[in-house]
Protein chains: 2
Amino acid sequence: MTRWLESDEQRVWRAFLAATQRVQEELDRQLQRDSGMPHTYYVVLAMLSEAEGRTLRMSDLAGRVNSSQSRLSHAVARLEERGWVRRAQCPRDKRGNLAILTDAGFAALKAAAPGHVEAVRQVLFDPLTPEQVRLLGEICTAVRDS
Amino acid sequence: MTRWLESDEQRVWRAFLAATQRVQEELDRQLQRDSGMPHTYYVVLAMLSEAEGRTLRMSDLAGRVNSSQSRLSHAVARLEERGWVRRAQCPRDKRGNLAILTDAGFAALKAAAPGHVEAVRQVLFDPLTPEQVRLLGEICTAVRDS
DNA sequence: CGCAGTTACTTGAGCTCTCAAGTACTGTAA
DNA sequence: TTACAGTACTTGAGAGCTCAAGTAACTGCG
């Protein structure tokens, strides 16, 4: 008994796919082109920059960037190679690793931020009315938390 | 003069990222697990199945699935290996290639569809009211076409 | 204490995606 | 008619992601 999509649901679904893909690709392209990093790496740097001591445990960081531990582990390995993040052992729990944003990493984030924010505005906020932005927030929260 | 995000825009933006990632991952995981194909391949099969003669030119197909030609070319190559799609030369334009959905491809799509549609409902439509669905459609259309 | 069972994280293989470069054909205009 | 720019598509290399498996350390219960 499959509950197939009605034709208007079908339209919403396809618009959703097209819109979200557009946003993703636009952001990834902009960051890659102008700052040499994918969007996921940017988010990692951003979350670390907001944390106490610019430091987070891997699992905590994974939660904040909506990433699997595996993905984050690979990402941090690359960021470490670039000297943007370093790792340290967690003192409390020897299984745990801390990811620490370096000064170079903070500088890279700072350099990338204006272009990124501008891209976010252009692709998502500028096309919408303030009311639509508010509604989108509610909708996304519902989907995220369901 | 960067137009930074206000704190409520910030919240909407992060909810948007979390929600869209959740949808994407849920769908990809479900299709990969239950049908052995990524979501992008499913969309390719679906678009071909709706086309006249289950056939489309590569460039036309790329437009319909919101894909670069390169990505589509790789994807169709894999689908061809599985026997789900075959290629033929375009009679009008010798540069052009046609992608044709095979019977096996149609069967694979048909087998995958119910589970996929159910996942789409669960992750996107069920958490929203009908009014929110309508609004989401308008919002995504605006973002897509901007 | 001791040893399952769980948690935290890493690693490697396989796969998809992107970007840049390459091939082949088409349309146009001198 | 023959260049020459543009279009259609493919290919290969490099990079990130996923999944499964591996290591190490903590936790709790007999």
A.B. asks: Nearest whole Å is fine: how far is C/dT18 P from B/Q69 CD?
C.D. replies: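 Answer to the nearest Å: 13 Å.
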A.B. asks: With respect to the side chain of A/R71, which nucleotide from C/dT10, D/dT18, C/dT16 is positioned closest?
C.D. replies: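 Nearest listed nucleotide: D/dT18.
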A.B. asks: Salt bridge between A/E50 and A/R64, side-chain N to carboxylate O under 4.0 Å?
C.D. replies: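 Salt bridge between A/E50 and A/R64, a charged N being under 4.0 Å from a carboxylate O: no.
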A.B. asks: With the side chain counted from C-beta on, respond yes when B/W4 and A/P114 share a heavy-atom pair under 4.5 Å apart, and no when they do not.
C.D. replies: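 Yes; the side chains approach each other to less than 4.5 Å.
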A.B. asks: Mapping B/R82 and A/D28 to their closest nucleotides on DNA chain C, which lands nearer the 5' end?
C.D. replies: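 Here B/R82 is the residue nearer the 5' end.
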A.B. asks: Both A/S67 and A/R92 contact DNA chain D. Taking the nearest nucleotide for each, which residue is further toward the 5' end?
C.D. replies: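 This one resolves to A/S67.
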A.B. asks: When you group the ILVMFWY residues by side-chain heavy-atom contacts below 4.5 Å and let the links chain together, are A/V120 and A/M37 in the same group?
C.D. replies: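 In one cluster with A/M37: A/V120, no.
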A.B. asks: Do B/V117 and B/L128 belong together in a cluster built from hydrophobic side chains that touch within less than 4.5 Å?
C.D. replies: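 Yes, one cluster joins them.
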A.B. asks: In whole angstrom, give the distance that lies between atom CZ of B/R78 and atom C1' of D/dT11.
C.D. replies: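 It is 11 Å, rounded to the nearest whole Å.
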A.B. asks: What are the residues of residues 50-65 of chain A, sorted by number, that bring a heavy atom to within less than 4.0 Å of DNA chain D?
C.D. replies: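 Nucleic-acid contacts, sorted: none.
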A.B. asks: Nearest of C/dA13, D/dG12, C/dT6 to any side-chain atom of A/R95?
C.D. replies: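 The nucleotide sitting nearest to the side chain is C/dT6.
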A.B. asks: Base, sugar-phosphate alone, or nothing: which one does B/R33 contact when heavy atoms must sit under 4.0 Å apart?
C.D. replies: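 Here B/R33 touches no strand at all.
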A.B. asks: Between the base of C/dC17 and the side chain of B/S68, is one N or O donor paired with an acceptor at under 3.5 angstrom?
C.D. replies: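 Result: no qualifying N/O pair found.
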A.B. asks: Are A/R87 and A/E80 within salt-bridge range, i.e. N to O under 4.0 Å?
C.D. replies: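 Between A/E80 and A/R87 there is a salt bridge, with a charged N closer than 4.0 Å to a carboxylate O.
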A.B. asks: Check the distance between D/dG16's P and B/Q24's CD and give it to me in whole angstrom.
C.D. replies: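 B/Q24 atom CD is separated from D/dG16 atom P by 18 Å.
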A.B. asks: Counting distance alone, no hydrogens or angles: does the base of D/dG16 have a donor or acceptor under 3.5 Å from a partner atom on the side chain of A/H39?
C.D. replies: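 No, no donor-acceptor pair under 3.5 Å.
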A.B. asks: Given atom CG of B/L31 and atom C1' of C/dC15, what is their separation to the nearest angstrom?
C.D. replies: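 Distance check: B/L31 CG to C/dC15 C1' gives 16 Å.
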A.B. asks: If you pin A/D93 and B/E25 to their nearest nucleotides in DNA chain D, which one's is more 5'?
C.D. replies: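 Its nearest nucleotide being more 5', the pick is B/E25.
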A.B. asks: Rounding to a whole Å, what distance do you find between A/N97:CG and C/dT7:P?
C.D. replies: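 To the nearest whole Å, that distance equals 18 Å.
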A.B. asks: Whole angstrom is fine here: how far is it from CG in B/L72 over to C1' in C/dT16?
C.D. replies: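 Rounded to the whole Å, the gap is 13 Å.
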A.B. asks: Tell me: NE2 of B/H74 to C1' of D/dT10, nearest whole Å?
C.D. replies: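 Whole-Å distance recorded here is 8 Å.
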A.B. asks: Are the charged groups of A/R57 and A/D93 less than 4.0 angstrom apart, N to O?
C.D. replies: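 Looking at A/D93 together with A/R57, the answer is yes, because their closest N to O distance falls below 4.0 Å.
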A.B. asks: Quick one: does B/T40 reach the base of C/dC17 with a side-chain donor-acceptor pair under 3.5 Å?
C.D. replies: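 Side chain to base: no pair below 3.5 Å.
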A.B. asks: Heavy-atom nearest nucleotide on DNA chain C for A/L98 versus A/Q32: which residue maps closer to 5'?
C.D. replies: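 Here A/L98 is the residue nearer the 5' end.
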A.B. asks: Between B/Q30 and B/D34, does any side-chain donor sit less than 3.5 Å from a side-chain acceptor?
C.D. replies: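 Yes - a donor-acceptor pair under 3.5 Å links their side chains.
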A.B. asks: Between A/Y41 and D/dA15, is there a side-chain N or O to OP1/OP2 distance below 4.0 Å?
C.D. replies: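 No.
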A.B. asks: Grab the CG-P distance between A/L79 and D/dA15 for me, whole Å please.
C.D. replies: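 Going from CG in A/L79 over to P in D/dA15 covers 14 Å.
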A.B. asks: With a 3.5 Å cut-off and heavy atoms only, can you find an N or O donor on one side and an acceptor on the other between the side chain of A/S70 and the base of C/dT10?
C.D. replies: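 No.
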A.B. asks: Take atom CZ in B/R71; do more than 12 heavy atoms of anything else shown fall under 6.0 Å from it?
C.D. replies: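 Yes, the 6.0 Å shell around CZ holds more than 12 heavy atoms from other groups.
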